[in-house]
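Letters go in sequence order (proteins before strands), and every chain restarts at 1.
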Amino acid sequence: MNNDTKMNNFITEIIENDIANNDNNYKISTRFPPEPNGFLHIGHAKSIFLNYGLAKQYNGKCNLRFDDTNPVKENIDYINSIISDVKWLLGDKNIGEILYASDYFEQMHCYALDLIKKGYAYVDDQTSEQIKKNRGDYNIIGTNSPFRERTIDENLKLFEDMRKGLYEDGEKVLRAKISMSSKNLNLRDPIMYRILKVNHHRTGNKWPIYPMYDWAHGLEDSIEGITHSICTLEFEDHRPIYDWFLEKLDIYHPQQIEFAKLDMTYTIFSKRNLLKLVEKQLVNGWDDPRMPTISGLRRRGYTPESIKNFIMSLGFAKSKTVSDLNHLEHFLRENLNLIAYRVMAVINPIKLIIENYPDDKVEYMEVENNPEDKTFGSRKIAFSKELYIEREDFSENPPKKFFRLAVGNEVRLRNGYYVVCNDFKKDSLGNITEVRCSYDPETKGGWSNDGRKVRGTIHWVSCKHSLNAEVRIYDKLFDKENPLKTLKDDDDFTFNISPSSINTIEDAKVESFLINAEINQKFQFLRKGYFVLDSDSTSKKLIFNQSVALRSSWNK
RNA sequence: UGGGGGAUCGUUCAAUGGUAGGACACAUGGUUUUGGUCCAUGGGAUCGGGGUUCGACUCCCUGUCCCCCAGCCA
């Protein structure tokens, strides 16, 4: 990864303070704690680069910890995808220890026993409806559960019976005894354990009870010796619980710090909704190149560097923000500009015939692979009488400042020759089928020393020497800046999917050099955009995804 | 009508009582064998009202707006 610029934000301020107020052995420790219930998206990348970045900046460590406390929604496939995504973003060696909350279930259970013994937790027999009702709301304080004053011995016995599997789902819960009249609803005797007789992807059938997030998270942090437990803003209301458990247990107490998560225009981030897109097959899986998932972005042609640079440019703060999609695309272009081979590809071809070029002649023109970096070297490309050019590079009635081909206009065929357009042909429907030109033999390579001014330069491929390719052009998945806004019910957002979010062109023509392209290799199709060879490609069929179009100051 | 947070160029992040600055976006010009890249220039903001101060984005008072919270999800 490229040079790391130092972060400077409200969190680094806290950390630097802590370092200053501790002894020389003090090392910070952070963690990235995903729940394995879906694929990672670019919002998670913000958390990843923050937590791992902080650890690196202050010489501490960062763990990847799976918060796998709800087996109903979690599975091993998600774990594997998350590990591979984090590795891709950070590099294999930089992901730290891989840990699982489920490894601490025994320890957590001991802590629960301890809390019961201290009189701070009780087993509640109320139904979930009763618990909900008795919790009250913003304006009405809660009422105590009739089971709140059970004796410690009774609670111990009941809780052990819960653990033994003597009760069915929903029959009992273990709750913390905090206060049913707290203004913070989270503190109204939060549930610590619920009965869930389901198989866990790591602990199997060992546990019929599973800890709730609020109970588990602080314990996980404490057990791992996390110094700074960074989470998103919606957990601010939960910090008092986090602190309460750790204080009552009297164990190592990390500090929770909240920051604003990433939000972006024209897309959605909630895993629930992303899952819906996948399940309804509105996209082609979690790694559909239109998805904001890490795997989707990877397939789209994004690089880890571009994502990191984007995230870092945003910074970290507490104010809720929505980032602009083209901010992300800027960093992709910036990175790809440096690393992508320039090649010629005609996405929407029409024939160009050079009338005065010998019928069977073929010349091999020298072409630079990347003008930004001479070490990329050069290659040869075949030039002949019949070429394909981009349909939009010819105009029957050229608008003002149209520098491309039109009858009487001279343009440069890049790395080829100067050509003047003589004529064109149309079919019965009025579509242009063929453009006819003459070339100037003195302009080989696309240059003449006579000072002639040629404003337009267009790309081309030789008909005989080009390859067919499928090209997938993507646009925003949704055509609304905020696809979830002003919806009446939860399902409606899928109606906002943009019909033009994918446009597949079956018969693009690309230069033969691309026969050796590798899956995931990045290219710039000259004058068009950045493209990546898709994993659907076979030796018989090349398939390219457009990662992002080139910027253009030419607006028709 | 409770509790918890947040308001700075169009967007995002700085400035921690001392010239409101950067990046993206936008506009204009230059370079260019990509209408790309690169370079230069420009417009553009402290939520409102009071107060403290030589001096306020920053401190105080007051008002307004936005976000989150009533899962046996995380």
Side-chain angles (χ1 to χ4, degrees), chain A residues 8-9 13 33-35 37 67-70 72-74 124 126-129 131-133 135-142 169-175 182-188 190-196 209-210 212-214 216-217 231-240 258 260 265 271-272 309-310 312-331 333-334 337-338 342 344 367-368 370-372 401-404 412-416 418 443 445-447 454-459 524-530 549-555:
Chain A
N8 179 31
N9 53 51
E13 198 172 308
E35 183 190 12
N37 68 341
D67 217 347
D68 55 352
T69 57
N70 184 8
V72 175
K73 292 183 175 177
E74 299 155 6
D124 194 345
Q126 292 182 104
T127 63
S128 61
E129 290 74 25
I131 288 177
K132 181 184 169 72
K133 183 164 174 277
R135 183 151 37 223
D137 62 27
Y138 302 143
N139 302 309
I140 303 169
I141 63 167
D169 290 13
E171 248 185 272
K172 285 180 165 48
V173 290
L174 182 70
R175 300 179 76 178
S182 171
K183 286 174 177 174
N184 181 342
L185 265 40
N186 294 127
L187 256 24
R188 319 251 257 230
I191 292 170
M192 296 162 61
Y193 280 95
R194 76 286 216 191
I195 298 169
L196 244 33
I209 57 172
Y210 291 94
M212 297 283 288
Y213 170 87
D214 282 322
H217 205 87
C231 62
T232 49
L233 254 26
E234 65 266 33
F235 291 101
E236 280 176 322
D237 284 347
H238 295 244
R239 190 176 351 114
E258 309 86 10
T265 54
K271 282 195 270 188
R272 198 179 95 252
N309 293 342
F310 166 70
M312 289 310 186
S313 81
L314 259 25
F316 303 89
K318 290 197 75 159
S319 52
K320 187 180 158 44
T321 58
V322 183
S323 298
D324 206 299
L325 218 208
N326 61 37
H327 197 68
L328 206 211
E329 292 186 334
H330 161 78
F331 288 97
R333 290 194 188 95
E334 181 186 69
N337 181 47
L338 301 173
R342 269 58 168 178
M344 293 209 272
V367 182
E368 262 186 322
N370 187 343
E372 299 296 315
K401 292 199 168 182
F402 185 81
F403 303 142
R404 286 113 99 152
R412 169 187 296 114
L413 294 175
R414 194 175 206 273
N415 295 298
Y418 290 178
T443 58
W447 182 250
V454 177
R455 284 297 297 272
T457 299
I458 66 173
H459 60 280
Q524 185 194 101
F525 287 1
L526 231 53
R527 303 207 303 131
K528 297 306 292 182
Y530 293 99
L550 248 32
R551 273 165 52 100
S552 172
S553 58
W554 171 251
N555 299 309

Nearest of [options] to any side-chain atom of [X]?
X       : options                   : result
K320(A) : rA74(B), rC67(B), rG5(B)  : rC67(B)
R342(A) : rU12(B), rA25(B), rU34(B) : rU34(B)
N9(A)   : rC73(B), rA14(B), rU33(B) : rA14(B)
T321(A) : rC13(B), rA25(B), rC73(B) : rC13(B)
D324(A) : rU11(B), rC73(B), rA23(B) : rU11(B)
F331(A) : rC72(B), rA23(B), rU33(B) : rA23(B)
K183(A) : rC72(B), rG3(B), rU33(B)  : rG3(B)
L185(A) : rU37(B), rU33(B), rA70(B) : rA70(B)
P371(A) : rC13(B), rG36(B), rC73(B) : rG36(B)
N184(A) : rG4(B), rG35(B), rG3(B)   : rG3(B)

Discussion item. I want to verify the glycosidic state of rG43(B); is it syn or anti under the 90° rule?
Written reply: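 That one's anti.
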Pick the [atom1] atom in [N] and in [M], then give their distance to the nearest Å.
N       : M       : atom1 : value
rU19(B) : rU58(B) : C1'   : 16 Å
rC72(B) : rG3(B)  : C1'   : 23 Å
rA15(B) : rG21(B) : C1'   : 7 Å
rG10(B) : rG71(B) : P     : 39 Å
rG22(B) : rA45(B) : P     : 14 Å
rU28(B) : rC67(B) : C1'   : 39 Å
rU1(B)  : rU8(B)  : C1'   : 32 Å
rA14(B) : rA23(B) : C1'   : 11 Å

Discussion item. Would you say the base of rG2(B) stacks on Y138(A) (centre-to-centre below 5.5 Å, plane angle below 30°)?
Written reply: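 Yes, Y138(A) stacks on the base of rG2(B), since the ring centres sit under 5.5 Å apart and the planes are within 30°.
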Heteroatom pairs (N/O) under 3.5 angstrom, protein to nucleotides 26-31 of chain B:
| unit_1 | atom_1 | unit_2 | atom_2 | d |
| --- | --- | --- | --- | --- |
| rC26(B) | OP2 | R551(A) | NH1 | 3.1 |

Practice prompt. Starting from the 5' end of RNA chain B, give me the residue, R239(A) or G446(A), whose nearest nucleotide shows up first.
Written response: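 Result: R239(A).
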Report which part of the nucleic acid [X] touches: base, sugar-phosphate, or nothing (heavy-atom distance under 4.0 Å, all strands).
X       : answer
I191(A) : base
H238(A) : base
R188(A) : nothing
D237(A) : base
V322(A) : sugar-phosphate
I195(A) : nothing
K528(A) : nothing
S128(A) : base
F316(A) : sugar-phosphate
T127(A) : base
R414(A) : base
E372(A) : base
D137(A) : base
F402(A) : base

How many Å lie between [atom1] on [X] and [atom2] on [N], as a whole number?
X       : N       : atom1 : atom2 : answer
K133(A) : rC72(B) : NZ    : P     : 16 Å
K318(A) : rG5(B)  : NZ    : C1'   : 6 Å
H330(A) : rG36(B) : NE2   : P     : 15 Å
L550(A) : rU37(B) : CG    : C1'   : 9 Å
I140(A) : rU1(B)  : CD1   : P     : 16 Å
L338(A) : rU37(B) : CG    : C1'   : 10 Å
L314(A) : rA14(B) : CG    : C1'   : 14 Å
M344(A) : rG36(B) : CE    : P     : 18 Å

Student check: side-chain heavy atoms of [X] and [Y] closer than 4.5 Å:
X       : Y       : value
N37(A)  : N70(A)  : no
I131(A) : I191(A) : yes
H217(A) : P33(A)  : yes
R414(A) : R342(A) : no

Give a yes/no answer on whether the side chain of [X] brings an N or O atom under 4.0 Å of OP1 or OP2 in [N].
X       : N       : result
R527(A) : rU33(B) : no
S552(A) : rG36(B) : no
K401(A) : rG35(B) : no
S323(A) : rC24(B) : no

Practice prompt. State, to 0.1 Å, how close D67(A) and E35(A) come at their nearest heavy-atom pair, and which atoms those are.
Written response: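 Answer, listing the atom of D67(A) first, then E35(A): O-CG, 3.5 Å.
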Fill in: Y418(A) to G446(A) - nearest heavy-atom pair and separation
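For Y418(A) versus G446(A), the nearest heavy atoms are CE2-O, 3.5 Å.
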Item to complete: Can you check whether any acceptor in the base of rU34(B) is under 3.5 Å from a donor in the side chain of Q524(A), or vice versa?
Response: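 Looking at the base of rU34(B), it does pair with a donor or acceptor on the side chain of Q524(A) (distance under 3.5 Å).
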Response to the item:
A correct dot-bracket answer for RNA chain B, with pairs being Watson-Crick or G-U at under 3.5 Å, [ ] for crossing pairs and | for inter-strand pairs, is .((((((..((((....[..)))).(((((.......)))))....(((((..]....))))))))))).....
Fill in: Pair N370(A)-E372(A), side-chain hydrogen bond (donor to acceptor under 3.5 Å, both in side chains): steps then yes or no
CA-CA 5 Å; N370(A) 187 343; E372(A) 299 296 315; over 6 Å; no
Worksheet item: Hey, what's the ring geometry for H238(A) with Y213(A), parallel, tilted or perpendicular (30° and 60° as the breaks)?
Response: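 Rings of H238(A) and Y213(A): perpendicular, over 60°.
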